[in-house]
Amino acid sequence: MEIPVYLFLGFLESGKTTFIQDTLQEEYFADGQKTLIISCEEGEEEYEDELLKEANCVLEMIEDEEDFTADTLKMLLKQHTPERVMIEYNGMWNVADGIDAIQDTNMLEVYQTIAMIDATTFQVYMNNMRSLGVEMFKYSEMAIMNRCTPEMDLGSFRRMIRSGNRQLQVMFEMAEGYEDVSVEESLPYDIESNYIELEDDDFGIWFMDAMDHPERYDGKEIHMKTIVCKPPEFPKGMIIPGRFAMTCCADDIQFLGVICKMEHVKSSTMKAVKNRDWIMLTAKIACEYSEEYEGKGPVLYATRMERAEKPEDDLIYF
């Protein structure tokens, strides 16, 4: 039987040590199981010896990235024979390599991966080390942003965090002295209007919100510039209009598209539209179940399509 691993990601001083120590004291976790904590960086917050003793934990350090290997992990497992492992991973190290080392032991299984984020330094890190941040979020199941304050644009932060991993659950913890606030998306259009005129730069914001909350757009009409994707396996009369998005770098470009049915468009127009064409699309939005979405999502019913010029910058950014 493989030993469960709880992997904690995040830049220095993002709250990983504090969160791990708080978790050790939670009733659901304080069950007496022997726990090996592997810390891969040294921040201001230190582990409390008394707490580790009470929680039946042992602490080991791995200071260099080249030492985070399957052989090192096996050695620590043999030395301590833990029933579970918690890893405080270094925010500057490659996450994929770390997960490979864990899996290569054939003794460990990653049960949960959590990314910790300090809201006060989030924007600075994303401006300067976006690729590292995006990689953390890509491999995480949950992200916890702490030290939040009401004046922060938390909706924008959440959108940026989830841009490369839409299944990622994002939670917010307010800084000491502040009560919880509702986190609303800052949308660049009137969500109450039945007609949405989407600017070129706003497709990514609309896409994320429409995929998360398709019911908000049910029955509305939208007008936007998109590029056409026509997969060969798609049935006749259906396309995927969308945009290419860069989440961190040129090597990480992905296509964001929605299902569009063209039953109300002239057949001559349908035949004229080719893969990779740019179009101005007018469509009704329905919140419907779709196999492609594996659930409910925004399905467009095109009412008008016209050829359009490629925008100056054909990529969207988060």
Side-chain angles (χ1 to χ4, degrees), residues 1-65 67-70 72-93 95 98-99 101-102 105 107-122 125 136-137 139-149 168-180:
M1 183 176 178
E2 293 179 323
I3 301 167
V5 173
Y6 299 87
L7 181 62
F8 298 89
L9 310 176
F11 293 114
L12 188 66
E13 307 302 340
S14 60
K16 298 189 295 292
T17 303
T18 298
F19 185 81
I20 290 173
Q21 294 199 111
D22 289 346
T23 300
L24 292 173
Q25 298 176 78
E26 291 290 344
E27 189 175 329
Y28 66 85
F29 212 88
D31 54 9
Q33 282 194 333
K34 186 173 184 180
T35 304
L36 168 62
I37 299 175
I38 300 174
S39 180
C40 301
E41 62 185 4
E42 218 170 323
E44 289 185 7
E45 188 72 23
E46 296 183 354
Y47 287 96
E48 300 174 16
D49 292 336
E50 189 62 31
L51 172 61
L52 295 180
K53 184 178 178 181
E54 291 178 359
N56 195 18
C57 297
V58 290
L59 175 65
E60 290 284 356
M61 292 288 300
I62 298 180
E63 297 181 350
D64 299 316
E65 186 173 7
D67 292 333
F68 195 94
T69 64
T72 301
L73 296 175
K74 286 179 182 179
M75 178 191 70
L76 293 176
L77 294 175
K78 183 177 180 180
Q79 180 180 345
H80 297 292
T81 60
E83 295 171 274
R84 63 189 171 203
V85 177
M86 303 175 82
I87 299 176
E88 181 181 348
Y89 201 67
N90 190 306
M92 305 303 292
W93 295 357
V95 178
I99 292 176
I102 292 169
T105 64
M107 301 168 68
L108 298 171
E109 179 180 357
V110 178
Y111 265 40
Q112 189 174 33
T113 304
I114 298 176
M116 301 299 298
I117 308 162
D118 180 352
T120 64
T121 58
F122 172 70
Y125 275 118
M136 288 182 201
F137 306 144
Y139 287 100
S140 299
E141 299 154 280
M142 179 187 298
I144 301 175
M145 177 172 277
N146 51 52
R147 301 163 193 159
C148 301
T149 58
L168 180 61
Q169 180 184 1
V170 183
M171 300 177 65
F172 298 92
E173 292 181 354
M174 303 304 292
E176 189 174 348
Y178 292 99
E179 296 182 359
D180 287 346

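The structure presented is a predicted model; accordingly, all values stated were derived computationally and were not measured.
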CG-CE distance between L12 and M92, expressed to the nearest 0.5 angstrom:
9.5 Å
Verify, without hydrogens or angle tests, whether N146 (side chain) and E173 (backbone) share a donor-acceptor contact under 3.5 angstrom.
no
Expected output: side-chain Q21 to main-chain E48 donor-acceptor under 3.5 Å
yes
Under 4.5 Å between any side-chain heavy atoms of L7 and I114, yes or no?
no
Please report the closest heavy-atom contact between A175 and T149, naming both atoms and the distance.
CB-CG2, 4.2 Å
Is the backbone of I38 close enough, under 3.5 Å, to the side chain of E60 for a donor and an acceptor to pair up by distance?
no
What do the steps show when you test E83 against D31 for side-chain contact (heavy atoms from CB on, under 4.5 Å), and what is the final call?
CA-CA 11 Å; E83 295 171 274; D31 54 9; over 6 Å; no
Does E63 have more than 12 heavy atoms from other residues, nucleotides or ligands lying within 6.0 Å of its CD?
no
Side-chain donor or acceptor of K74 paired with backbone N/O of M107 under 3.5 Å
no
Beyond-backbone contact of F137 with I117, side-chain heavy atoms, under 4.5 angstrom
yes
Is it the case that the side chain of T105 and the backbone of L108 share a donor-acceptor pair, with hydrogens and angles ignored and the cut-off at 3.5 Å?
yes
Side-chain contact, heavy-atom cut-off 4.5 Å: V58 with P82?
no
Can you classify the ring geometry of Y125 versus F11 as parallel (below 30°), tilted (30 to 60°) or perpendicular (above 60°)?
parallel
Among E41, E45, E88, E42, which residue satisfies the side chain to side chain donor-acceptor pair (under 3.5 Å) criterion with T17?
E88
Taking the six-membered ring for Trp, are Y6 and F29 ring centroids under 6.0 Å apart?
yes
I102 side chain near I87 side chain, heavy-atom distance below 4.5 Å
yes
Atom CE in M174, atom CE in M145: separation rounded to 0.5 Å?
11.5 Å
Between Q169 (side chain) and M142 (backbone), is there a donor-acceptor pair under 3.5 Å?
no
Please tell me if the side chains of I62 and N90 come closer than 4.5 Å, counting only heavy atoms from C-beta onward.
no
Tell me the closest heavy-atom pair linking S140 and A115, and the distance in Å.
OG-CB, 3.4 Å
Nearest heavy-atom contact between F19 and I144 is CE1-CD1, 3.5 Å
Do the non-hydrogen side-chain atoms of T23 and Y28 ever get within less than 4.5 Å of each other?
yes
Atom pair CE/OG1 of M86 and T35 - distance to nearest 0.5 Å
7.0 Å
Less than 4.5 Å apart, side chain to side chain, heavy atoms only: is that true for L24 and Y47?
no
Closest approach of R147 and A119, non-hydrogen atoms and distance?
O-CB, 3.8 Å
Between OG1 of T81 and CG of L76, what distance do you get to the nearest 0.5 Å?
12.0 Å
Nearest atoms (heavy-atom pairs only) where E13 meets G43
OE2-CA, 3.3 Å
To the nearest 0.5 Å, how far apart are SG in C148 and CG in D118?
9.0 Å
Verify the neighbour count for atom CD of Q112: are there more than 12 heavy atoms of other residues, nucleotides or ligands below 6.0 Å?
yes
Could you tell me the separation between the OH atom of Y139 and the CD1 atom of I99, rounded to the nearest 0.5 Å?
6.0 Å
What closest approach, in Å, do Y89 and V95 show between heavy atoms, and which atom pair accounts for it?
CE2-CA, 4.0 Å
